[in-house]
Peer 1: 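Once you've had a glance at the structure underneath, I'll fire off some questions.
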There are 2 protein chains.
Amino acid sequence: MYLRYLEDLDSRGQQTASSDELATLFGTTPAQVRKDLSSFGSFGKRGLGYPVHQLSDQLREILGLGHEWRVVIVGAGKIGAALANYHGFSQRGFRIVGVYDNSPSKIGQLWGDGTVVRDMSELEKDVAGNEALIAVLAIPADDAQVVVDRIIVAGIRAILNFAPTQLQVPAYVSLKTVNMAVELEGLSFALTNMGTEKGAA
Amino acid sequence: MYLRYLEDLDSRGQQTASSDELATLFGTTPAQVRKDLSSFGSFGKRGLGYPVHQLSDQLREILGLGHEWRVVIVGAGKIGAALANYHGFSQRGFRIVGVYDNSPSKIGQLWGDGTVVRDMSELEKDVAGNEALIAVLAIPADDAQVVVDRIIVAGIRAILNFAPTQLQVPAYVSLKTVNMAVELEGLSFALTNMGTEKGAA
DNA sequence: ATAACTTTGTGAAGAATTTCACAAGCCTGT
DNA sequence: ACAGGCTTGTGAAATTCTTCACAAAGTTAT
């Protein structure tokens, strides 16, 4: 998240930023910003603040964004389509190298941007060839675990999961699940308990 | 999240579940499960475990899912469309009562399921009429803050934000931001630092 | 060069969260 | 009815995370 704001500042030509300034921007405290950054190294200049552009570069390095990551999307439904067309991915160095589905009605379908939906059964061979390490999963919950097991064997090492289920993966595979219904339920809880608790910001 | 698994167990006809069993399911510890649940009340029966169905009901109550929430979607792009068609929402009591956009090419568009995209300028009137309290924001980052200010005035009290930006809202409004690029960057970090840290599960 | 001012980096204090461990309670056998 | 076996609920300990506060270091003005 820090990176996003630093790039913003950078594009506006700001040279340096103090922890105070960054904290207001991120909605946190100066001490937090300094602790967070210091855990990766000593980036700031005392009396001056943090060099915006240089810090951006270093964070990108730390996050492993120095090179392009190849990503496959599994599931060519509505969510898969939205993700495939999402510019935010390509802008940040994630190149979508394939979209897969197992439904005959979807396979071969040509999307607006030239992507052709491929058969799941080709995934193994493709992943071996293009060395994709990241998969985005946009398939029904019931199919998710078997597909996960399969793509891990194929070589995938990180999964962004949109299926509303908890998945089992070995320790050497990173998994991040995004569950939109759960997010909405969190809002429902907040609305319901507004008076009782302090309101979330 | 607990609720999701409890419903799963319930639908399989399981009567009770121990904290141990739930913990394995959620990927946490039995002590954590007991602490979490006990913070809302005393649901379990000693020697037996938690009554699955009854606990589901109580959690739904706590989360405020006892009634239908009316939701508006702002932004009729790819993401907005995917969300509008996402069955997970309606399945869990969130009814989409309107989709809005300010682009003339989108307004009036009829989607497959009968939804008609309406002009942003009608949002205020509509929200007053249908008493929607929750908005899903699927618009470009640059427009997000002005739209947020506007829908809050209109009466929205909770926002699920898909725009890649930090938004300012008053304390009485709940905000949850989902940023898919940030999630992917988290995976990139995990992949890059696999050997150094213990792998994320 | 020096003084006054700013801001980082970081130990130490404080707060919050998680884990431990066990008494108390409930169920099932006999 | 009672003993033996599980499992919860919860204080207390351990751990993790956040905030405080200040010395050290850099900048600016004179």
Side-chain angles (χ1 to χ4, degrees), chain A residues 1-3 5-6 9-10 12-59 61-62 166 171 182 186 189-190 193 196-201, chain B residues 1-3 5-6 9-10 12-59 61-62 166 171 182 186 189-190 193 196-201:
Chain A
M1 284 303 302
Y2 286 46
L3 179 56
Y5 284 92
L6 285 167
L9 289 177
D10 190 27
R12 283 197 224 111
Q14 186 164 339
Q15 302 283 314
T16 62
S18 69
S19 57
D20 234 317
E21 194 175 351
L22 294 175
T24 339
L25 220 52
F26 304 160
T28 178
T29 64
Q32 187 70 68
V33 171
R34 295 204 295 276
K35 262 276 151 70
D36 286 352
L37 293 177
S38 80
S39 78
F40 291 114
S42 203
F43 304 118
K45 270 203 166 55
R46 297 175 185 215
L48 195 59
Y50 295 89
V52 172
H53 186 83
Q54 192 181 320
L55 181 55
S56 293
D57 285 350
Q58 310 219 40
L59 284 185
E61 188 63 34
I62 290 162
Q166 186 91 10
V182 167
F189 175 68
N193 302 68
T196 322
E197 304 270 337
K198 50 185 175 272
Chain B
M1 285 304 302
Y2 286 47
L3 178 56
Y5 284 93
L6 285 167
L9 289 177
D10 190 27
R12 282 198 225 113
Q14 185 163 341
Q15 301 283 314
T16 62
S18 69
S19 57
D20 233 316
E21 193 175 351
L22 295 176
T24 339
L25 221 51
F26 305 160
T28 179
T29 65
Q32 186 70 69
V33 170
R34 294 204 296 275
K35 263 272 150 72
D36 286 352
L37 293 177
S38 81
S39 78
F40 291 114
S42 203
F43 303 119
K45 272 202 164 54
R46 299 178 184 210
L48 195 59
Y50 295 89
V52 171
H53 186 84
Q54 193 180 321
L55 182 53
S56 293
D57 283 352
Q58 310 221 40
L59 285 185
E61 187 64 34
I62 290 164
Q166 185 91 11
V182 167
F189 176 68
N193 302 68
T196 322
E197 303 270 338
K198 48 183 177 277

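Proteins come first, then strands; the chains are lettered A, B, ... in the order of their sequence lines, and each starts at number 1. Being a predicted model, the structure only gives us computed values, none of them experimental.
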Peer 1: May I ask which nucleotide in the shown strands pairs with C:dA16, Watson-Crick or G-U wobble, both distances under 3.5 Å?
Peer 2: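 Looking at the geometry, C:dA16 pairs with D:dT15.
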Peer 1: Between B:Gln166 and A:Leu25, what is the shortest heavy-atom contact and its length?
Peer 2: CG-O, 4.5 Å
Peer 1: Test B:Asp10 against every option in B:Gln54, B:Gln15, B:His53 by the side chain to side chain donor-acceptor pair (under 3.5 Å) rule and name the one that passes.
Peer 2: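 Single side chain to side chain donor-acceptor pair (under 3.5 Å) partner of B:Asp10 among B:Gln54, B:Gln15, B:His53: B:His53.
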Peer 1: Once you round to the nearest 0.5 Å, how far does CD of B:Gln14 lie from CG of B:Leu6?
Peer 2: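 Answer rounded to 0.5 Å: 9.5 Å.
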Peer 1: Which atom names give the shortest non-hydrogen contact between B:Ala17 and B:Leu9, and what distance separates them?
Peer 2: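 Result for this residue pair: CB-CD1, 4.0 Å.
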Peer 1: Tell me the closest heavy-atom pair linking B:Leu48 and B:Thr16, and the distance in Å.
Peer 2: O-OG1, 3.9 Å
Peer 1: Can you tell me the distance, in whole Å, between the CG atom of B:Leu48 and the P atom of D:dC6?
Peer 2: 13 Å
Peer 1: Ring-plane angle category for B:Phe40 and A:Phe189, please: parallel below 30°, perpendicular beyond 60°, tilted otherwise.
Peer 2: perpendicular
Peer 1: Expressed in angstrom and rounded to an integer, what is the separation of B:Leu55 atom CG from D:dT8 atom P?
Peer 2: 11 Å
Peer 1: Applying a 3.5 Å limit to both distances, which nucleotide forms a Watson-Crick or G-U wobble pair with D:dC2?
Peer 2: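 WC or wobble partner does not exist here.
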Peer 1: Quick one, which residues of residues 15-37 of chain A touch DNA chain C with a heavy atom under 4.0 Å?
Peer 2: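 Heavy-atom cutoff 4.0 Å gives A:Ser18, A:Ser19, A:Arg34, A:Lys35.
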Peer 1: Please report, rounded to the nearest Å, how far the P atom of C:dC26 is from the OH atom of B:Tyr50.
Peer 2: 14 Å
Peer 1: Is there a donor N/O on one and an acceptor N/O on the other, under 3.5 Å, for the side chain of B:Arg46 and the base of D:dT8?
Peer 2: yes
